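As structure tokens, the structure follows; a few thoughts come after it.
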Amino acid sequence: MDNLMVPAGVKGILQRLQTAGHPAYLVGGCVRDTLLGRTPEDWDICTAALPEQTMALFDRTVPTGLKHGTVTVFYGGSQAEVTTFRKDGPYTDHRRPDEVQFTDRLTEDLSRRDFTVNAMAMDLEGNLIDPFGGQKDLKETCLRCVGDPDKRFQEDALRMFRAFRFAAQLNMGIDTATHDAICRNAHLARFVAPERIHTELEKTLLSPPPSYAMDMARLLSAFLLQAPKNSGIPTPEPTLAYRWAWFCAELMLQRCIESPEAFLRSLRADTATIRFCEQAVPLILAPLPEENPALRRLIAKHGADAVRCAAQCQNRQDLPSRVDTILASGDCLDLSHLAVNGTDLQALGYTGADIGKALHRLLDSVLIDPRCNQKEMLLNLLKEDSHG
Ligand code: ATP
Ligand code: MG
């Protein structure tokens, strides 16, 4: 294992389990990522040791999921999730096994895992245990279920979302039998909690080709008016808010959702993302203006970031630098930078809601021509208004 990028602390955990007579292996995503030369998100170890045996071996442990046999171990500056080999009992809710049983057989543990590329284990010497052909599938960039795909998606419908997520993240194709089984079992997606869908969608949207998010959207009948077809809007840079706005714009364009707000709320998205998409999606869907006065109005109304996002979705390479120039010019873009304020208007006899309306009219004029943001000029404009 020396040539692989496994942290010393993680190796130490394997070593100590092993020395105490408990077979122990790296397993799942960390093996897959190590083989791909990617940095794993987290380190998972599977072992024949029971949770209490693991806890007895290390000073710092947290019983993260004792029911499922998982203990988090902190050791040598690293941390790993150490889980007892297990096999899953029957699934009746299409999400979680009703019960799990511990086993002393590694292959049984590997066979409950979702995809062949996630069902490999590695021992301390770096030997790969790969009973389902994960390494071959990794080389052929083919995501394939372990065992009968229909059965695996019926057990746990979240795996359908994970399939598209891994395909996107790892840039893999989905094996035909696995893909067909997703199509057949798409109706089971309603058993998956919105929070889990949100997480998988987010990871997919942040992947280099986020188009798999549109495939995932075909699983979202519970949240959509109709299923989307393929995507056509150019994808913006991989920042989360931009990608959510892109996704919502696609769904709006294809009449799958009525508004980004209701859709994102149903997926438990955070308020900042919802607010951003409300501003950016209408901009993505309408041609952006050519002229600076109109551009200034858009920035004032929707925010510079929403304009930048929309520019990327419309391949308008000229716009970002123009947005930057407008921002750097110091031109007034909101009421707080207007050369008159409410008190000035009160002095002229304005009261109540009329003050706000007048200020907005003045801001409109200033957005069209920033040079008129001078007190005298604005007050004159008001006088002309009231006489006209
Ligand atoms: P990443 O951590 O990069 O998101 P991962 O493959 O490590 O990907 P985890 O959710 O951390 O995914 O799970 C670790 C391992 O547990 C997986 O590689 C897989 O072997 C197994 N696993 C996780 N979720 C499921 C599931 N829903 N069904 C079957 N096996 C699963
Ligand atoms: Mg992981």
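Numbering of ligands and ligand atoms starts at 1, following listing order. It should be emphasised that the depicted structure is a prediction, and the values quoted were computed from it without experimental measurement.
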Proximal atoms of ligand 1 relative to [X] (non-hydrogen, under 4.0 Å):
X: F166; answer: 6 (O), 8 (O)
X: K203; answer: 4 (O)
X: R165; answer: 1 (P), 4 (O), 8 (O)
X: G29; answer: 5 (P), 6 (O), 7 (O), 18 (O)
X: D44; answer: 14 (C)
X: R32; answer: 3 (O), 5 (P), 6 (O), 8 (O)
X: E41; answer: 2 (O), 3 (O)

Are more than 12 heavy atoms from other residues, nucleotides or ligands located less than 6.0 Å from atom CZ of R268? yes
Looking only at distances, please establish whether an N/O atom of ligand 1 is found under 3.5 Å from an N/O atom of [X].
X: D33; answer: no
X: R162; answer: yes
X: Q169; answer: no

I need the contact type for D42 against ligand 1. Using non-hydrogen atoms and a strict under-4.0 Å cut-off, is it side chain, backbone, both or neither?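 Under 4.0 Å from ligand 1, D42 contributes side-chain atoms alone.
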Could you identify the single nearest non-hydrogen protein atom to [atom] and state the distance to 0.1 Å?
atom: atom 19 (C) of ligand 1; result: D114 OD1, 3.6 Å
atom: atom 27 (N) of ligand 1; result: D156 OD2, 2.8 Å
atom: atom 15 (C) of ligand 1; result: R113 NH1, 3.6 Å
atom: atom 28 (N) of ligand 1; result: R159 NE, 2.7 Å
atom: atom 20 (O) of ligand 1; result: N118 O, 2.9 Å

Could you list the donor-acceptor pairs under 3.5 angstrom formed by side chains in residues 14-21, with sequence neighbours left out?
residue	atom	partner	partner atom	Å
R16	NH1	L57	O	3.0
T19	OG1	Q15	O	2.6

Taking only protein atoms, how many N, O or S atoms are found under 2.8 Å from the Mg ion (ligand 2)?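 The number of such protein atoms is 1.
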Answer with yes or no whether the side chains of [Y] and [X] bring together a donor and an acceptor at under 3.5 Å.
X: Q169; Y: R165; value: yes
X: N118; Y: R113; value: no
X: Q312; Y: W246; value: no
X: T70; Y: E81; value: no
X: D59; Y: Y75; value: no
X: E108; Y: T103; value: yes

Contacts table for residues 325-335: side-chain donor-acceptor under 3.5 angstrom, sequence neighbours left out:
residue	atom	partner	partner atom	Å
T325	OG1	S321	O	2.7
S329	OG	I326	O	2.6
S329	OG	D331	N	3.1
S329	OG	D331	OD1	3.4
S329	OG	D331	OD2	3.1
D334	OD1	S336	N	3.2
D334	OD1	S336	OG	2.7
D334	OD1	H337	N	3.3
D334	OD1	H337	ND1	2.8

Using side-chain hydrogen bond (donor to acceptor under 3.5 Å, both in side chains) as the criterion, list what pairs up with E155, not counting sequence neighbours.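 E155 satisfies side-chain hydrogen bond (donor to acceptor under 3.5 Å, both in side chains) with R152, R159 once adjacent residues are dropped.
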Using a strict cut-off of less than 4.0 Å between a Lys/Arg side-chain nitrogen and an Asp/Glu carboxylate oxygen, indicate whether R96 and D156 qualify as a salt bridge. no
Salt-bridge present (E200, R196; N to O < 4.0 Å):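 No salt bridge links E200 with R196.
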To the nearest 0.5 Å, what is the distance between CE (M216) and CG (L205)?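 Answer for the CE-CG pair, M216 versus L205, is 8.0 Å.
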Could you tell me whether F132 and F115 have their ring centroids closer than 6.0 angstrom?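 They do not qualify: ring centres at least 6.0 Å apart.
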